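Presented below is the structure to which this report refers.
Nothing fancy with the numbering, it's 1 onward along the sequence. All of these numbers come straight from a predicted model, not from anything done at the bench.
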Amino acid sequence: MKNQLSIASILLRLALVATFLSAVASRLGLWGAASSGWQGFLKYTAQVNSFAPEGLVPVLAITATCMEISIALLLLVGYKTRVAASAAGILTLMFALAMAYSFGIKDPLDYSVFVDSAAAFLLASCAAYPWSIDEYMHYKSIKSIN
């Protein structure tokens with residue numbers, strides 16, 4: 001059972017990393033023809049945040065992008081994993097709620113944004129994070145005590 005939880009923890013981290021980095025890659029044009037590009041992302045940010053003033057849209061877009069990159073990198077290396085996973089859960093929940101408000105409940109359900117949020121909160125509740133800087137630091141501190 002412990003081995004299954006370890007594998008699940010690693011897979012949750014990698015899935016969240018892939019989700020965030022794929023979205024960032026799209027808005028930066030790194031997916032080629034399949035990319036939305038930055039202007040497309042700004043338009044989509046305005047649509048998702050239909051309740052926000054127009055002048056706030058670029059700030060929201062830049063903030064979301066910086067958060068997604070930061071969270072993805074922290075999860076990738078497994079540093080401050082619980083905090084990063086909690087931040088991922090909050091960010092994706094806010095995104096899901098904004099989508100639901102602006103487009104209706106179908107879009108966030110179709111794009112599994114609530115699933116991403118739940119996965120992030122589940123990762124935050126894990127007892128340990130194998131193959132991570134967190135695990136290395138934990139064992140290093142135990143060794144120094146002995």
Side-chain angles (χ1 to χ4, degrees), residues 1-31 34-38 40-52 56-146:
M1 178 73 161
K2 183 180 177 185
N3 195 31
Q4 288 174 331
L5 290 176
S6 294
I7 293 169
S9 171
I10 293 167
L11 292 176
L12 280 171
R13 280 179 37 216
L14 293 176
L16 290 166
V17 168
T19 298
F20 284 127
L21 291 183
S22 177
V24 170
S26 179
R27 68 189 69 138
L28 297 180
L30 301 177
W31 283 122
S35 296
S36 63
W38 186 253
F41 179 60
L42 286 175
K43 183 179 175 187
Y44 184 66
T45 301
Q47 292 170 342
V48 169
N49 297 285
S50 61
F51 49 85
L56 192 58
V57 169
V59 173
L60 291 171
I62 291 167
T63 301
T65 300
C66 290
M67 289 184 69
E68 288 169 332
I69 291 169
S70 300
I71 290 167
L73 292 177
L74 288 170
L75 291 174
L76 182 64
V77 299
Y79 182 68
K80 299 290 184 186
T81 307
R82 192 173 323 281
V83 173
S86 296
I90 292 167
L91 182 63
T92 52
L93 181 59
M94 289 171 47
F95 179 49
L97 294 174
M99 284 179 78
Y101 177 84
S102 296
F103 306 132
I105 195 67
K106 184 180 182 310
D107 277 11
L109 291 174
D110 284 356
Y111 292 107
S112 303
V113 185
F114 289 112
V115 173
D116 283 343
S117 181
F121 286 126
L122 181 60
L123 179 61
S125 72
C126 289
Y129 301 105
W131 292 47
S132 68
I133 291 174
D134 291 337
E135 180 183 54
Y136 172 76
M137 292 173 63
H138 174 74
Y139 285 117
K140 188 176 176 183
S141 69
I142 289 174
K143 269 185 146 180
S144 69
I145 293 172
N146 295 332

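With values rounded to the nearest 0.5 angstrom, Q47 atom CD is found 10.0 Å from D107 atom CG. Atom-to-atom distance recorded for I7:CD1 and L12:CG is 12.0 Å, nearest 0.5 angstrom. We find the OG1-CZ distance between T65 and F20 to be 11.5 Å, quoted to the nearest 0.5 Å. Interatomic distance, I71 CD1 to C66 SG, rounded to the nearest 0.5 Å: 11.0 Å. Note that CZ of F41 and CG of L60 are 9.0 Å apart. Values are rounded to the nearest 0.5 Å. For the atom pair OG1 of T19 and OH of Y111, the computed distance is 14.5 Å after rounding to the nearest 0.5 Å.
Other residues, nucleotides and ligands contribute only 12 or fewer heavy atoms inside 6.0 Å of the OH atom of Y136. More than 12 heavy atoms of other residues, nucleotides or ligands sit less than 6.0 Å from atom CZ of F103.
W131 is not listed as a side-chain neighbour of L14, based on a closest heavy-atom distance of 4.5 Å or more. Counting heavy atoms from C-beta on, the side chains of L123 and S9 come closer than 4.5 Å.
With sequence neighbours excluded, no residue satisfies side-chain hydrogen bond (donor to acceptor under 3.5 Å, both in side chains) with S125. Applying the ring pair (Phe, Tyr, Trp, His ring centres under 6.0 Å) rule to F51 yields the partners Y101; only residues at least two apart in sequence or on another chain are considered. By the side-chain hydrogen bond (donor to acceptor under 3.5 Å, both in side chains) test, T63 is found to be paired with no residue, residues two or more places apart in sequence or in another chain being considered.
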Donor-acceptor contacts under 3.5 Å from residues 74-96 side chains, at least two apart:
residue, atom, partner, partner atom, Å
T81, OG1, G78, O, 3.2
T81, OG1, D134, OD2, 2.6
R82, NH1, A124, O, 2.7
R82, NH1, C126, O, 2.7
R82, NH1, Y129, OH, 3.1
R82, NH2, C126, O, 3.3
S86, OG, R82, O, 2.9
T92, OG1, A88, O, 2.7
T92, OG1, G89, O, 3.3
T92, OG1, S117, N, 3.4

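Across every non-hydrogen atom of P108 and M99, the tightest pair is N-CE, 3.8 Å. Nearest heavy atoms, I10 versus P130: CG1-O, 3.8 Å. The nearest pair of heavy atoms linking V17 to A72 is CG2-O, 3.4 Å.
Applying the salt bridge (charged side-chain N to carboxylate O under 4.0 Å, His left out) test to every pair with at least one member in residues 84-105, sequence neighbours left out, gives no pairs at all. Listed by first and then second residue, the salt bridge (charged side-chain N to carboxylate O under 4.0 Å, His left out) pairs involving residues 83-104 amount to none (not counting sequence neighbours).
Not a single donor-acceptor pair under 3.5 Å links the side chain of S26 to the backbone N or O of S22. Checked by atom type and distance alone, the side chain of W31 never pairs as donor or acceptor with a backbone atom of A25 at under 3.5 Å.
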